[in-house]
> 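Dumping the structure here so I can ask a few things about it.
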Amino acid sequence: MTTTAEVGTPRAHPDAGGKDPRPRPRPGRIRRIGLPYLLLLPALVLELLVHLVPMVIGIVMSFKELTQFYIRDWGTAPWSGFDNYRVSVDFDAPVGEALLHSFFVTVGFTLLSVGLCWLIGTAAAIFMQDTFRGRGLLRALFLVPYALPVYAAVITWVFMFQHDNGLVNHVLHDQLHLTDEPSFWLIGDNSFYALLTVSVWKGWPFAFLIVMAGLQNIPRELYEAAALDGAGMWQQIRRITLPSLGAVNQVLILVLFLWTFNDFNTPFVLFGRAAPEAADLISVHIYQASFVTWNFGTGSAMSVLLLLFLLAVTGVYLAVTSRGRRTSRAR
């Protein structure tokens with residue numbers, strides 16, 4: 001007697017024991033997998049519009065002879081090839097020599113600022129680990145420079161650095177008598193120290209906040225055991241605190257370096273469009289090359305060179321620090 005299979009019943013594979021071996025995706029699972037990418041889509045689009053598109057336009061502009069004569073329609077500017085890059089790296093010519101001087105000033109300023117921010121922030125975070133009366137208020141006061149808007153904070157420092165009636169000269173010269181006469185802080189060689197002071201004052205609370213968060217992950221039992229073994233405060237910091245903060249410091253120093261090296265708001269608000277030679281950071285120098293001399297092609301080439309330098313430094317830094325961490329773990 002012959003039986004007829006029901007219409008619409010799927011045939012089973014002969015080697016599957018009567019079951020279809022092909023997995024069928026569930027609609028709910030597809031929605032769960034695609035939902036994170038759907039939520040990330042607006043951020044990716046904004047990242048493309050805000051960062052990547054201007055970056056590509058800037059790279060294209062660096063290969064053009066873009067001056068004030070073509071500013072209304074920069075697409076019609078003639079191509080110059082690598083001429084803008086040759087002018088920027090020709091250190092025997094005035095443009096390249098000025099750029100090299102600005103680069104060295106920026107490197108020295110960045111190393112000092114990042115080092116002092118990390119040192120002050122780490123010391124303050126370690127000090128705040130102990131419980132004492134008023135600790136919460138002191139933590140809030142430490143974060144005030146980081147919470148203030150950049151322009152409001154730097155403009156306040158501009159008034160404090162004034163030659164005749166500034167607070168800095170009043171304290172150093174009139175009250176403490178540390179200088180023979182009031183100093184000019186916003187011009188000359190002193191402008192570098194003024195810029196460094198404002199940068200450290202503005203940046204160390206961020207280091208304090210990050211290090212203080214990293215200290216919360218260190219078990220207190222380690223310090224108690226070290227104290228029972230006779231380890232002092234400095235030995236505990238050296239043997240427990242700093243090694244435990246290795247991953248935190250790796251990210252912190254890199255972020256501080258990138259922020260400080262690219263800082264434009266602080267020197268621009270402090271000195272205006274023309275920074276003194278001693279405080280001629282590369283961000284302001286590129287601004288002057290682009291918007292003061294109206295040579296946008298050369299300014300774009302300098303920006304691309306700065307981007308390549310920061311990418312190279314970041315790659316080398318991450319490679320060295322990651323290798324050091326793997327070596328320490330292997331030991």
> Is there side-chain contact between Tyr317 and Phe257, with at least one heavy-atom pair below 4.5 Å?
no

> Measure the spacing between OG of Ser300 and CG of Leu307 and express it to the nearest 0.5 Å.
12.0 Å

> When hydrophobic residues are tied together by side-chain contacts of less than 4.5 Å, even through go-betweens, does Leu186 share a cluster with Phe109?
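Yes, it is one cluster - the side chains of Leu186 and Phe109 are joined through contacts under 4.5 Å.
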
> Under 3.5 Å, is there a donor-acceptor pair between the side chain of Gln216 and the main chain of Ala213?
no

> So, applying ring-ring contact (aromatic ring centres under 6.0 Å, His included) with Tyr287, which one of Phe296, Phe264, Trp294 is it?
Phe264

> Indicate if Leu270 and Phe291 have the same hydrophobic cluster label, given that clusters are the connected sets of ILVMFWY residues with side-chain heavy-atom separations under 4.5 angstrom.
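No, Leu270 does not connect to Phe291 through the hydrophobic network.
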
> Using the rule that two of Ile, Leu, Val, Met, Phe, Trp, Tyr join whenever any of their side-chain heavy atoms come within less than 4.5 Å, decide whether Phe159 and Ile187 are in one cluster.
no

> Quick check: do Phe192 and Leu112 have side-chain heavy atoms less than 4.5 Å from each other?
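Side chain of Phe192 against side chain of Leu112, heavy atoms only: contact under 4.5 Å found.
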
> If you count every heavy atom of other residues, nucleotides or ligands that lies below 6.0 Å from Gln162 atom CD, does the total exceed 12?
yes

> Quick test of your reading: applying side chain to side chain donor-acceptor pair (under 3.5 Å), list the pairs with at least one residue in residues 100-117, sequence neighbours left out, ordered by first then second residue.
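Listed by first then second residue: Ser113-Ser199.
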
> How far does CD of Gln236 sit from CD1 of Ile126, to the nearest 0.5 angstrom?
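Rounded to the nearest 0.5 Å, the CD-CD1 separation comes to 10.5 Å.
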
> Check Phe271 against Ala279 and note the closest heavy-atom contact, atom names and distance.
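Closest heavy-atom pair between Phe271 and Ala279: CE1-CB, 3.7 Å.
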
> Look at the side-chain heavy atoms of Ile, Leu, Val, Met, Phe, Trp and Tyr, link any pair under 4.5 Å apart, and say whether Val50 and Leu40 land in one connected group.
no

> Does a side-chain heavy-atom distance below 4.5 Å link Phe268 with Arg273?
yes

> Assess the residue pair Trp79 and Lys64 against the criterion (side-chain contact (heavy atoms from CB on, under 4.5 Å)); give the C-alpha distance rounded to whole Å, side-chain angles, the decisive distance to 0.1 Å, and a yes or no.
CA-CA 4 Å; Trp79 288 91; Lys64 284 178 169 289; 3.8 Å; yes

> Could you go step by step and tell me if Asp83 and Ser80 meet the side-chain hydrogen bond (donor to acceptor under 3.5 Å, both in side chains) rule?
CA-CA 6 Å; Asp83 290 343; Ser80 61; 5.1 Å; no

> For atom CD of Glu181, decide whether the heavy atoms of other residues, nucleotides or ligands shown that lie under 6.0 angstrom number more than 12.
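Atom CD in Glu181 is not crowded, with 12 or fewer foreign heavy atoms closer than 6.0 Å.
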
> Starting at CG of Asp263, measure out to CG of Leu256 and round the result to the nearest 0.5 Å.
11.5 Å

> Please find out if less than 6.0 Å separates the ring center of Phe127 from that of Phe132.
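Yes, the ring of Phe127 comes within the 6.0 Å limit of the ring of Phe132, centre to centre.
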
> Testing the basics here: between Ile240 and Leu222, what is the closest heavy-atom pair and its distance to 0.1 Å?
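Scanning both residues, the minimum pair turns out to be CD1-O, 3.6 Å.
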
> Examine Tyr193 and Trp201 and state if one hydrophobic cluster contains both, with Ile, Leu, Val, Met, Phe, Trp and Tyr joined whenever side-chain heavy atoms are less than 4.5 Å apart.
yes

> Might you work through the side-chain contact (heavy atoms from CB on, under 4.5 Å) test for Leu318 and Gln250, ending with a clear yes or no?
CA-CA 8 Å; Leu318 292 177; Gln250 177 182 357; 3.8 Å; yes

> Donor-acceptor pair, distance only, cut-off 3.5 Å: does the side chain of His163 make one with the backbone of Phe184?
no

> Less than 4.5 Å apart, side chain to side chain, heavy atoms only: is that true for Val89 and Leu100?
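No, side chains not in contact.
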
> Just how far is it from atom OG of Ser88 to atom CG of Leu306, taken to the nearest 0.5 Å?
11.5 Å

> Under 30°, 30 to 60°, or over 60°: which ring-plane class applies to Phe63 and Phe82, parallel, tilted or perpendicular?
perpendicular

> Examine distances only and state if a side-chain atom of Asp189 and a backbone atom of Ala278 form a donor-acceptor pair shorter than 3.5 Å.
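Pair absent, no side-chain N/O of Asp189 close to backbone of Ala278.
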
> Between Met128 and Phe142, is there a side-chain heavy-atom distance shorter than 4.5 Å?
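They are in side-chain contact.
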
> Do other residues, nucleotides or ligands put more than 12 heavy atoms under 6.0 Å from Phe309 CZ?
yes

> Is it the case that more than 12 heavy atoms not belonging to Asp229 sit under 6.0 Å from its CG atom?
yes

> Would you name the heavy atoms of Arg239 and Pro243 that are closest together and state the gap between them?
O-CG, 3.4 Å

> Scan side-chain atoms only and decide if His173 and Asn169 contain a donor-acceptor pair under the 3.5 Å cut-off.
no

> Over all heavy atoms of both residues, which pair between Tyr223 and Pro219 is shortest? Give the atoms and the distance, please.
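Shortest heavy-atom separation between Tyr223 and Pro219 comes out as CD1-O, 3.8 Å.
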
> side-chain contact (heavy atoms from CB on, under 4.5 Å) for Trp204 and Tyr146? Distances and angles first, verdict last.
CA-CA 8 Å; Trp204 79 264; Tyr146 180 68; over 6 Å; no

> Within the distance-only criterion (no hydrogens, no angle test), does the side chain of Gln288 pair as donor or acceptor with the backbone N or O of Thr293 below 3.5 angstrom?
no

> Could you walk me through whether Met160 and Val171 pass the side-chain contact (heavy atoms from CB on, under 4.5 Å) test, one step at a time?
CA-CA 10 Å; Met160 294 172 61; Val171 173; over 6 Å; no

> Find the distance between CZ (Phe208) and CG (Leu143) and round it off to the nearest 0.5 Å.
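Nearest 0.5 Å value for the CZ-CG distance: 5.5 Å.
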
> So which heavy atom on Pro54 is nearest to which on Leu48, and how close?
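Minimum heavy-atom contact is CD-O, 4.4 Å.
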
> When you compare the side chain of Met302 with that of Val95, does any pair of heavy atoms fall below 4.5 Å?
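They are in side-chain contact.
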
> Could you pull out the closest heavy-atom pair between Asn84 and Ala301, with the gap in Å?
CB-CB, 3.7 Å

> Say you draw a straight line from OG of Ser303 to CD1 of Ile282; how long is it, rounded to the nearest 0.5 Å?
8.5 Å

> Give a yes or no on whether the backbone of Asp73 and the side-chain of Thr76 come within a donor-acceptor separation of less than 3.5 Å.
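Side chain of Thr76 to backbone of Asp73: a pair is present.
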
> Are any non-hydrogen side-chain atoms of Asn262 and Leu310 less than 4.5 angstrom apart?
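In contact.
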
> Can you find a heavy atom in the side chain of Trp259 that is under 4.5 Å from one in the side chain of Val114?
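Sidechains of Val114 and Trp259: no contact.
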
